[in-house]
Engineer: 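Quick one: the structure is below, and I'll ask about it shortly.
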Number of protein chains: 2
Amino acid sequence: MQTDIHDAHNGFGTIRVYPDKTPIYHQGDSATRIFRVNSGVVMTFRLLEDSRRQITGFCTEGEFFGLSPHGDHMDGAVTVTSAGIQSVSISALETDAGLRAQIMNHSFRKIEDTQNLMMTLTKTSSEARVAAFLVMLADRRLRRQGPNADGLEVSLPMSRLDIADYLGLSRETVSRRLNELKSLGLIGLPDTHTAQINRFDGLRRCAGMMAA
Amino acid sequence: MQTDIHDAHNGFGTIRVYPDKTPIYHQGDSATRIFRVNSGVVMTFRLLEDSRRQITGFCTEGEFFGLSPHGDHMDGAVTVTSAGIQSVSISALETDAGLRAQIMNHSFRKIEDTQNLMMTLTKTSSEARVAAFLVMLADRRLRRQGPNADGLEVSLPMSRLDIADYLGLSRETVSRRLNELKSLGLIGLPDTHTAQINRFDGLRRCAGMMAA
DNA sequence: CGTTCTGTTGAGTCACCTCAAGCAGTGTGG
DNA sequence: CCACACTGCTTGAGGTGACTCAACAGAACG
């Protein structure tokens, strides 16, 4: 776990390494830069008046965050793990056509992701949501590694409460459902922050999706 | 209620008038055009395997819909009322910088809207959701008309089931909560497809937002 | 080695859903 | 003009899945 912040520069703006649980920006801050995760995990979230929280995304390597329609950030961003993060001034959008295309593509995808999350949150049981969360993490890992799905270990660097606030559940329910999936034999839980995928197809079915 | 379809052209692509309850495109269709509502109401929705439905938006005058990240539409679109709809080929995005900027702006806003909807759907009671729905419709109308909020009549051209599928509730619950808001004196229901806003601030408070 | 934070487990409650019946508006055929 | 069916909305009764509250266990940390 790193605890110091490094800075560097390249043609694409600033590169910076943050320790875990470090805020990148706050909800309501004026948005002057666009961010991209180089390594580690960052989560974005929105707060309500009564301090409840909806986590809107867990971003890993290659993903953009911090895009805002107006001047102000509509969400906050915090590192979950130590993370390397690139940033560019928002004004680069006007001059850099390649970046603009990348961002535009990302925006479309973000709409889709958000709608998918919304479907998951509103149309499925707590069990399906937890399963879907694990499937998402596993899929992400598979995209980078080979397709040996079963036996794969995914890390859960975030707390149960973070997962709960992402899935719109209570901490307790997340815990219950994880252990349920474990007792069904679909996953293993070697420790609290690691899940082992035993039967990926079963997990997918549980998440209410067709097998890949 | 119109039942015939008219066509016209201008520099911005095709303009067409559709009767109510007419599909514009289907989920999964290849996306070749971008649409804009000129008049009337259009709703977009996503279907799940078990034929449940999430309505992702009600679009009125000036709003774009049908934007897709890949080749395929991730949602379907149907007219709620008779509606005039402009469309442009998606290839116009490459040549028309002004259109591109408009779409980009719309995309950011769409992410925000979708996240707002998600917050409403996951963090609030059925009463707050119905109130929020009415507030949204009233706000939309106020943006075009003067700011005489109280006494304003908003039309609900969509069915109770449509509202339910937008708010992630059952038809029955929508009906119950509407009548509850009526008996609280916040709204009136002169007929099933019209709501009269009696106390806009009260409705806002009920929706869990601060007064404007 | 206490203290604190996170995660788990149990018991009870409640908001919304489901099922089922009733009702109003609209259209249709005799 | 009136039965009849049909569709969309409302209302009631009962069930249930996830939440809340509360206690406990285990890990992390000083």
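For the numbers below, each heavy atom of this structure counts, side chains included, while hydrogens, waters and symmetry mates do not. The model shown is predicted, which means the values in this text are computed figures rather than measured ones. In what follows, every chain begins at residue 1, and chains take the letters A, B, ... in the order their sequences are listed.
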Engineer: Tell me: CG of A:Asp191 to P of D:dA25, nearest whole Å?
Structural biologist: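 Whole-Å distance recorded here is 21 Å.
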
Engineer: With B:Glu63, which of B:Arg140, B:Lys110, B:Arg36 fulfils salt bridge (charged side-chain N to carboxylate O under 4.0 Å, His left out)?
Structural biologist: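 For B:Glu63, the salt bridge (charged side-chain N to carboxylate O under 4.0 Å, His left out) check succeeds only for B:Arg140.
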
Engineer: What nucleotide, of C:dT8, C:dC17, D:dC9, holds the atom closest to the side chain of B:Leu169?
Structural biologist: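 Among C:dT8, C:dC17, D:dC9, the one nearest the side chain of B:Leu169 is C:dC17.
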
Engineer: Between A:Thr192 and A:Ser170, which is nearer to the 5' end of DNA chain D once each is assigned its nearest nucleotide?
Structural biologist: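 By nearest-heavy-atom nucleotide position, the 5'-most residue is A:Ser170.
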
Engineer: For A:Leu121 and D:dC19, give me the distance from atom CG to atom P, rounded to whole Å.
Structural biologist: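 The distance from CG of A:Leu121 to P of D:dC19 comes to 11 Å, rounded to the nearest Å.
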
Engineer: Counting only side-chain N and O atoms of B:Ser126, is one of them less than 4.0 Å from OP1 or OP2 of C:dA15?
Structural biologist: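 False: B:Ser126 side-chain N/O out of range (4.0 Å or more) of C:dA15 OP1/OP2.
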
Engineer: A:Thr22 side chain to A:Thr79 main-chain N or O, any donor-acceptor pair under 3.5 Å?
Structural biologist: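 Between the backbone of A:Thr79 and the side chain of A:Thr22 there is no qualifying donor-acceptor contact (under 3.5 Å).
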
Engineer: How many Å lie between CZ on B:Arg171 and C1' on C:dC17, as a whole number?
Structural biologist: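 Rounding to the nearest Å, CZ of B:Arg171 and C1' of C:dC17 are 12 Å apart.
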
Engineer: Using a cut-off of strictly less than 4.0 Å, decide whether A:Arg176 has a side-chain nitrogen or oxygen near OP1 or OP2 of C:dT9.
Structural biologist: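 Answer is no, no contact under 4.0 Å.
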
Engineer: Let me know the distance between NZ of B:Lys21 and P of D:dG8, rounded to the nearest Å.
Structural biologist: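 Rounded to the whole Å, the gap is 7 Å.
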
Engineer: Once you round it to whole Å, what is the distance between P of C:dG7 and CG of A:Asn179?
Structural biologist: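 For the pair A:Asn179 CG and C:dG7 P, the rounded distance is 12 Å.
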
Engineer: To the nearest Å, give me how far apart CZ (B:Arg177) and P (D:dT11) are.
Structural biologist: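 In whole Å, D:dT11 P and B:Arg177 CZ are 12 Å from each other.
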
Engineer: Under a 4.0 Å N-O cut-off, is there an ion pair linking B:Glu112 with B:Arg109?
Structural biologist: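 Here B:Glu112 does not pair with B:Arg109 in a salt bridge, since their nearest N and O are not under 4.0 Å apart.
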
Engineer: Taking OP1 and OP2 of C:dC16, is either one under 4.0 Å from a side-chain nitrogen or oxygen of B:Thr173?
Structural biologist: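 No, no such contact exists.
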
Engineer: Output the rounded distance in Å from CE (A:Met158) to C1' (C:dT6).
Structural biologist: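 Taking CE of A:Met158 and C1' of C:dT6, I get 15 Å after rounding.
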
Engineer: Angle between ring planes, B:His73 versus B:Phe35, binned at 30° and 60°: parallel, tilted or perpendicular?
Structural biologist: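 B:His73 and B:Phe35: tilted rings.
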
Engineer: I need the CD-C1' distance between B:Glu172 and C:dG22, as an integer number of Å.
Structural biologist: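 From B:Glu172 CD to C:dG22 C1': 13 Å.
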
